[in-house]
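Per chain, numbering begins at 1; letters A, B, ... match sequence-line order. Source: prediction; values computed, not measured.
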There are 2 protein chains.
Amino acid sequence: MVTMDDVARLAGVSKMTVSNVVNNRGGVSEPVRRRVREAIERSGYRVNVSARTLRSGRTGVIGLAVPEIDRPYFGRLASHVIERARRRGFHVAIEQTGAAAAGEIDAIAHARTLQFDGLILSAVGLDGRDRTPPEGDHPIVMLGEQDFGGRFDHIAMPNEEATAAATAHLLDRGCRAVAHVTGRLDWNLNMVNARHRGHLGALAARGVEADPALHVGLDALTMEAGRAAAHRLAAAGRPFDGVLAVTDTVALGVLRGLADVGLRVPDDVRVAGFDDIAEAAYLVPALTTVAPDHAWMAEKAVELVTERIADPGRPTARYVAPYALVIRESTR
Amino acid sequence: MVTMDDVARLAGVSKMTVSNVVNNRGGVSEPVRRRVREAIERSGYRVNVSARTLRSGRTGVIGLAVPEIDRPYFGRLASHVIERARRRGFHVAIEQTGAAAAGEIDAIAHARTLQFDGLILSAVGLDGRDRTPPEGDHPIVMLGEQDFGGRFDHIAMPNEEATAAATAHLLDRGCRAVAHVTGRLDWNLNMVNARHRGHLGALAARGVEADPALHVGLDALTMEAGRAAAHRLAAAGRPFDGVLAVTDTVALGVLRGLADVGLRVPDDVRVAGFDDIAEAAYLVPALTTVAPDHAWMAEKAVELVTERIADPGRPTARYVAPYALVIRESTR
DNA sequence: TTGTATGCGTTATCAT
DNA sequence: ATGATAACGCATACAA
């Protein structure tokens with residue numbers, strides 16, 4: 001392995017000068033700088049990141065912990081985070097938490113062990129109440145769903161407001177009986193509860209009574225569960241003419257399930273989702289959905305985490321992501 | 001920061017004994033071991049990975065370079081690789097290459113700079129001909145598409161064979177004019193070429209003449225391009241009753257595009273794809289597709305890279321992933 | 001079984 | 001502007 005010492009010898013300078021050149025620091029004359037650059041080139045020298053980290057205490061790595069990287073929503077988010085972090089000179093290491101509090105606690109521990117400079121945690125298991133994150137001084141930015149009562153920097157989703165907008169839109173389109181296909185409320189998952197509140201609020205605002213029979217609490221927020229929910233709704237016999245799905249992934253399953261039982265969208269039933277995954281625009285019918293600004297969220301998360309790395313004592317900040325309701329065929 | 005020295009002082013032993021306990025080495029009496037464990041617990045000590053790495057020369061990190069993490073196919077692959085690597089005690093750092101040779105060369109350089117113990121590279125830009133990977137002794141496993149003539153460990157896709165099977169299936173279903181919606185052949189992208197060969201081969205085997213007008217070379221393998229291709233095919237006036245799409249993502253766009261122009265699937269046109277992305281089974285109509293065994297590929301890739309890390313001199317290996325043709329509604 | 005000395009490659013500090 | 005020296009925290013080799 002080629003070290004700074006080798007380069008220094010080759011260039012006829014001290015290794016400190018090599019270090020200064022490598023890190024683009026001042027105090028090196030132009031001819032010497034050029035000589036060192038040449039020596040680096042010739043020798044094929046590369047900095048040893050471990051040694052640098054050991055000395056400086058910084059790894060230049062930000063952790064990104066998501067439930068599962070192969071869900072479209074998180075893949076998109078990760079892609080943006082990687083890109084934004086790169087612009088600021090940080091590398092991103094991805095952790096999968098498996099959508100469980102235990103996995104999220106692991107991710108936090110991991111972030112310390114592997115000396116990530118900071119961690120962006122898309123938490124769905126931990127919260128500010130019964131399952132709280134472990135104490136620690138590591139820079140953590142919470143992303144998305146849960147609420148932590150100001151203990152962390154937090155980029156929140158406009159869950160309640162945006163869901164209300166989606167439900168209001170369904171009512172505008174003439175729906176009278178809107179089913180809500182979502183997670184089970186007893187999960188105490190903030191995202192599920194907040195979106196449900198938004199749904200109920202929109203109904204109440206129009207004087208529509210919520211029918212408990214049209215509330216479907218899924219065991220998992222998957223395509224398969226969405227499909228089964230549609231089957232169940234159809235089998236129950238209670239008439240419905242709209243479905244609000246808690247995520248696009250669930251909505252995709254619902255669309256499929258409605259097709260299974262011969263219900264046409266939007267003619268018989270209108271459907272809306274949440275997330276605006278890339279596929280939403282290409283489904284048949286194309287899916288109406290809430291589109292949070294993913295790029296904005298990623299940018300803000302990286303900004304917050306880098307700021308906290310630079311100044312750990314900063315007061316925590318909280319932002320709510322902007323969103324748009326994208327109206328497509330499924331609610332025409 | 002708590003170091004081994006602190007723990008040693010707390011437990012009343014030397015730091016070497018602490019090191020032995022931390023690394024589960026023998027030669028430590030049970031009482032001492034317990035005392036050290038307690039001291040670690042109380043002090044909140046964590047090993048400093050950089051220091052360990054600096055000594056041992058191993059980071060315990062495998063790089064995974066993919067074109068874009070937010071494509072369903074690569075998200076799924078990454079998820080598997082992360083899981084398999086974890087089982088072997090490795091951490092995975094994800095790089096995005098942007099589907100370009102330059103990005104792939106960067107990823108290789110990055111892997112050296114960041115001292116990944118090995119790299120799994122899902123190459124689409126580099127190949128064994130005009131754009132070759134830079135020389136270097138770093139353990140690299142090539143995954144997927146390109147062909148490198150035995151210079152690297154390689155997990156290949158059954159591109160030609162599986163595509164031939166898909167085309168044969170379309171013919172079996174009664175298709176007489178099967179369009180191939182794929183990338184441009186002048187990309188010289190092995191994946192595109194191999195799949196096209198497979199398609200032509202299957203036609204030839206049945207004595208069907210290939211109609212050049214039914215070959216659509218896209219500028220990008222995206223949903224939007226697939227949609228546009230369907231529009232173009234319909235507008236061209238040349239009758240067709242089958243579409244073989246080079247990937248499921250393109251197929252998704254084709255399905256959408258056919259719907260746009262009022263063609264029904266499978267009644268008017270049958271459609272098949274390649275990859276078996278998670279959404280394929282839930283589309284309306286559900287998509288017939290080639291399903292390579294992703295878990296197997298991930299497992300094999302991690303196995304190969306860890307073996308090469310352990311024994312850099314090993315001869316290179318090449319495997320072809322198993323696959324299945326999953327028949328769904330789009331070709332019923 | 002336990003302890004001591006040394007070096008991994010880099011950067012901060014201080015000196016020249 | 002450049003160089004010498006001392007850490008950073010850990011693990012190897014060897015001594016006790």
Side-chain angles (χ1 to χ4, degrees), chain A residues 1-40 42-61 89 91 111-117 138 309, chain B residues 1-40 43-61 89 91 111-117 138:
Chain A
M1 163 161 291
V2 187
T3 74
M4 274 192 177
D5 263 323
D6 300 325
V7 177
R9 217 168 306 125
L10 208 62
V13 299
S14 80
K15 66 175 172 179
M16 201 52 236
T17 301
V18 177
S19 174
N20 286 331
V21 171
V22 167
N23 296 288
N24 290 314
R25 279 189 281 256
V28 181
S29 67
E30 211 31 66
V32 171
R33 191 178 292 272
R34 205 166 31 240
R35 227 165 61 225
V36 171
R37 287 246 162 79
E38 257 167 38
I40 289 175
R42 270 197 298 155
S43 61
Y45 165 79
R46 323 223 117 217
V47 290
N48 180 320
V49 177
S50 308
R52 168 183 284 173
T53 297
L54 179 60
R55 217 18 258 217
S56 68
R58 291 261 174 103
T59 55
V61 175
H91 208 78
R112 296 211 318 168
T113 304
L114 296 179
Q115 297 172 207
F116 297 158
D117 291 341
H138 229 75
I309 290 166
Chain B
M1 163 159 293
V2 188
T3 76
M4 274 194 177
D5 263 323
D6 301 325
V7 177
R9 217 169 306 125
L10 207 62
V13 298
S14 82
K15 72 172 172 180
M16 202 47 242
T17 301
V18 177
S19 174
N20 286 330
V21 172
V22 167
N23 295 291
N24 291 315
R25 278 189 282 257
V28 182
S29 66
E30 213 30 67
V32 170
R33 190 178 292 271
R34 206 168 27 241
R35 227 165 63 227
V36 171
R37 287 246 162 78
E38 256 167 40
I40 289 176
S43 60
Y45 167 79
R46 322 224 117 216
V47 290
N48 181 319
V49 177
S50 309
R52 169 185 285 174
T53 297
L54 182 59
R55 278 293 322 191
S56 68
R58 293 258 173 104
T59 56
V61 176
H91 206 80
R112 298 210 319 170
T113 305
L114 297 179
Q115 296 172 213
F116 298 157
D117 290 340
H138 229 75

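In this structure, OH in A:Y45 is found 9.5 Å from CE in A:M1, a value given to the nearest 0.5 Å. Interatomic distance, B:L114 CG to A:N48 CG, rounded to the nearest 0.5 Å: 11.0 Å. The structure places OG1 of B:T113 at 4.0 Å from CZ of A:R46, a figure rounded to the nearest 0.5 Å.
Side-chain contact between B:V32 and B:R35: present, with at least one pair of heavy atoms (C-beta onward) separated by less than 4.5 Å. Taking the side chain as every heavy atom from C-beta outward, A:V22 and A:M4 approach each other to under 4.5 Å.
For B:R55, the side-chain contact (heavy atoms from CB on, under 4.5 Å) criterion is met by no residue, not counting sequence neighbours. Not counting sequence neighbours, A:R34 has no partner by the side chain to side chain donor-acceptor pair (under 3.5 Å) test. In terms of the side chain to side chain donor-acceptor pair (under 3.5 Å) criterion, A:T53 has no residue partners (sequence neighbours excluded). Take B:R37 and apply the side chain to side chain donor-acceptor pair (under 3.5 Å) test, not counting sequence neighbours, and it matches B:N24. With sequence neighbours excluded, the residues that form a side chain to side chain donor-acceptor pair (under 3.5 Å) with A:H91 are B:E95.
A heavy atom lying under 4.0 Å from DNA chain C marks the following residues of residues 9-18 of chain A, by number: A:K15, A:M16. For DNA chain C, the neighbouring residues in residues 19-36 of chain A, judged by any heavy atom under 4.0 Å, are A:S19, A:N23, A:R25.
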Without placing hydrogens or testing angles, list every side-chain donor-acceptor pair under 3.5 Å for residues 5-20 of chain A, not counting sequence neighbours.
from  : atom 1 : to    : atom 2 : distance (Å)
A:D6  : OD2    : A:T3  : N      : 2.8
A:S14 : OG     : A:M16 : N      : 3.3
A:S14 : OG     : A:T17 : N      : 3.4
A:S19 : OG     : A:R25 : NH2    : 2.9
A:N20 : OD1    : A:R25 : NE     : 2.9
A:N20 : ND2    : A:M16 : O      : 3.3

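First and last contacting nucleotides of DNA chain C toward chain B (any atom under 4.0 angstrom from a heavy atom, 5' to 3' order): C:dT1 to C:dG9.
Atom CE of A:M4 is separated from atom C1' of D:dT5 by 16 Å (rounded to the nearest Å).
B:R55 comes within contact range of at least one nucleobase, with a heavy-atom separation under 4.0 Å.
Heavy atoms only, all atoms of each residue included: A:A111 and A:H138 are closest at O-NE2, 3.6 Å.
Recorded end-axis angle for the helix from C:dT1-D:dA16 to C:dT16-D:dA1 stands at 40°, based on five pairs per end and rounded to 10 degrees.
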